[in-house]
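Notes to accompany the following structure.
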Amino acid sequence: MRMQHQDKDDSLQSRVSEQIYKLQSQYLAGVPSARGSLAELRKAVDEEPGINPHVWFMTMEAVPERWAGTSDTPTYSELAAFTALTLYAVHQRGKNAPMHVPGTPFAKATGELVRQRTASMKRRFDAVLTATTFDAQRYHLRSLVGLLSSDGIGFDYGRFANDLVHLQRTDSRPGVQREWGRQFYQSYAFTPKNESK
């Protein structure tokens with residue numbers, strides 16, 4: 001049994017990051033089982049967590065025991081890990097470069113995306129922040145991840161999973177919204193290439 005006070009090595013961020021790094025390394029090395037796992041994760045992106053047993057097993061491997069659920073309803077950590085894993089699979093599809101980039105926050109990557117495209121794309125990012133349910137946030141996140149994939153812009157999925165936990169909680173959601181807003185602003189830097197006037 002794990003001790004309750006273990007350090008960061010047993011955090012959701014660390015566990016999701018390790019799980020995705022392992023999948024990414026195997027995928028980029030051409031390991032067939034990794035390709036299969038990513039395909040299953042992609043198929044599950046629009047499903048409820050737990051429907052696909054193999055995807056749920058991968059999700060639970062990324063969730064520290066102390067944050068695993070005991071009822072029929074997934075915990076915030078389980079939902080965050082599931083969302084991070086399935087969106088990573090969408091992001092990595094067909095890419096020969098790593099899309100899990102430790103140290104690069106999601107909002108910073110999104111700011112770079114908008115800077116490279118048009119300022120009007122910021123509405124997609126805003127839709128994530130203003131969505132009133134986690135299902136709606138997942139929907140908008142999938143759209144953004146697809147665009148990030150198209151442009152080959154990666155981000156840190158472990159950190160993303162940690163942020164997703166806090167985005168679901170009413171007491172910590174405003175902090176994530178502010179932090180993502182700062183990171184977006186710093187990356188965007190008011191210099192979009194193709195801003196329409």
- Item | Reported CG-to-CD distance for the pair Asp126 and Gln177, which is rounded to 0.5 angstrom | 10.5 Å
- Paired with Tyr88, the ring-ring contact (aromatic ring centres under 6.0 Å, His included) test is passed by just one of Phe106, Tyr27, Tyr157, namely Tyr157
- Item | Closest approach of Leu12 to Val63 (non-hydrogen atoms, all atoms of both residues) | CD1-CA, 4.1 Å
- Within 6.0 Å of CZ in Arg123, more than 12 heavy atoms from elsewhere: no
- Examine distances only and state if a side-chain atom of Ser172 and a backbone atom of His166 form a donor-acceptor pair shorter than 3.5 Å. yes
- Side chain of Glu78, backbone of Thr75: donor and acceptor closer than 3.5 Å? yes
- Item | Donor-acceptor side-chain pairing of His54 and Glu40 below 3.5 angstrom | yes
- Do you see a donor-acceptor pair shorter than 3.5 Å between the side chains of Ser120 and Thr118? yes
- Message: Closer than 3.5 angstrom, by distance alone: can the side chain of Ser187 be matched with the main-chain N or O of Gln183 as a donor-acceptor pair?
- Response: no
- Identify whether NZ of Lys or CZ of Arg in Lys108 sits under 6.0 Å from the centre of the six-membered ring of Phe184 and within 45° of that ring's axis. no
- Message: So which atom in Val145 and which in Leu87 form the shortest heavy-atom distance, rounded to 0.1 Å?
- Response: CG1-O, 3.5 Å
- Task: State whether the side chain of Ser25 and the backbone N or O of Tyr21 hold a donor-acceptor pair below 3.5 Å, judged by distance alone.
- Result: yes
- Message: Side chains of Arg117 and Leu147, heavy atoms from C-beta outward: is any pair under 4.5 Å?
- Response: yes
- Judged by atom type as modelled, is there a donor-acceptor pair below 3.5 Å linking the side chain of Gln116 to the main-chain atoms of Asp151? no
- Item | Closest heavy-atom pair and its distance - Ala131, Ala136 | CB-CB, 3.7 Å
- Gln92 side chain vs Met99 backbone, donor-acceptor pair below 3.5 Å: yes
- Item | From Leu144 atom CG to Leu113 atom CG, the distance as rounded to the nearest 0.5 Å | 7.0 Å
- Query: Any chain of hydrophobic side-chain contacts (each under 4.5 Å) joining Leu28 to Ile20?
  - Reply: yes
- Query: Between the main-chain N or O of Glu61 and the side-chain N or O of Arg15, is there a donor-acceptor pair closer than 3.5 Å?
  - Reply: yes
- Query: Phe125 and Val114: side-chain contact (heavy atoms from CB on, under 4.5 Å), yes or no, with the steps?
  - Reply: CA-CA 9 Å; Phe125 178 69; Val114 174; 5.6 Å; no
- Measure the OG-CD distance between Ser77 and Gln168 for me, rounded to the nearest 0.5 Å. 8.0 Å
- Note on the structure: Of Leu167, Leu164, Val165, the one forming a side chain to side chain contact (heavy atoms under 4.5 Å, CB included) with Tyr76 is Val165
- Query: Mind checking whether Phe155 and Phe160 have parallel, tilted or perpendicular rings, split at 30° and 60°?
  - Reply: perpendicular
- Measure across Phe82 and Pro49 and return the closest heavy-atom pair with its distance rounded to 0.1 Å. CD2-CG, 3.6 Å
- Please check if the side chain of Asn162 supplies one atom and the backbone of Gln13 the other of a donor-acceptor pair under 3.5 Å. no
- Query: From Thr110 OG1 over to Leu148 CG, what is the distance, rounded to the nearest 0.5 angstrom?
  - Reply: 5.0 Å
- Item | Salt bridge present between Asp46 and Arg138 (N-O < 4.0 angstrom) | no
- How many angstroms lie between atom CD of Glu48 and atom CG of Leu79, to the nearest 0.5 angstrom? 8.0 Å
- Considering all heavy atoms, the nearest Val176-Asp163 contact: CG2-O, 3.8 Å
- Message: Determine whether a donor-acceptor pair (N or O, by modelled atom type, separation under 3.5 Å) exists between the side chain of Gln24 and the backbone of Val101.
- Response: no
- Message: Please check if the number of heavy atoms outside Asp171 that lie under 6.0 Å from its CG is greater than 12.
- Response: yes
- Item | Check: Ser149 side chain, His91 main-chain N or O, donor-acceptor pair, under 3.5 Å | yes
- Item | Within 6.0 Å of CZ in Arg93, more than 12 heavy atoms from elsewhere | no
- Nearest heavy-atom pair of Ala84 and Val16: which atoms, and what distance? CB-CG1, 4.1 Å
- Taking the side chain as C-beta and beyond, is there a heavy-atom pair between Asn52 and Lys43 under 4.5 Å? no
- How many angstroms lie between atom CD of Gln26 and atom OG of Ser37, to the nearest 0.5 angstrom? 8.0 Å
- Item | Ser14-Glu18 side chain donor-acceptor pair, cut-off 3.5 Å | yes
- side-chain contact (heavy atoms from CB on, under 4.5 Å) between Leu41 and Leu23, worked out: CA-CA 11 Å; Leu41 286 164; Leu23 270 172; 3.8 Å; yes
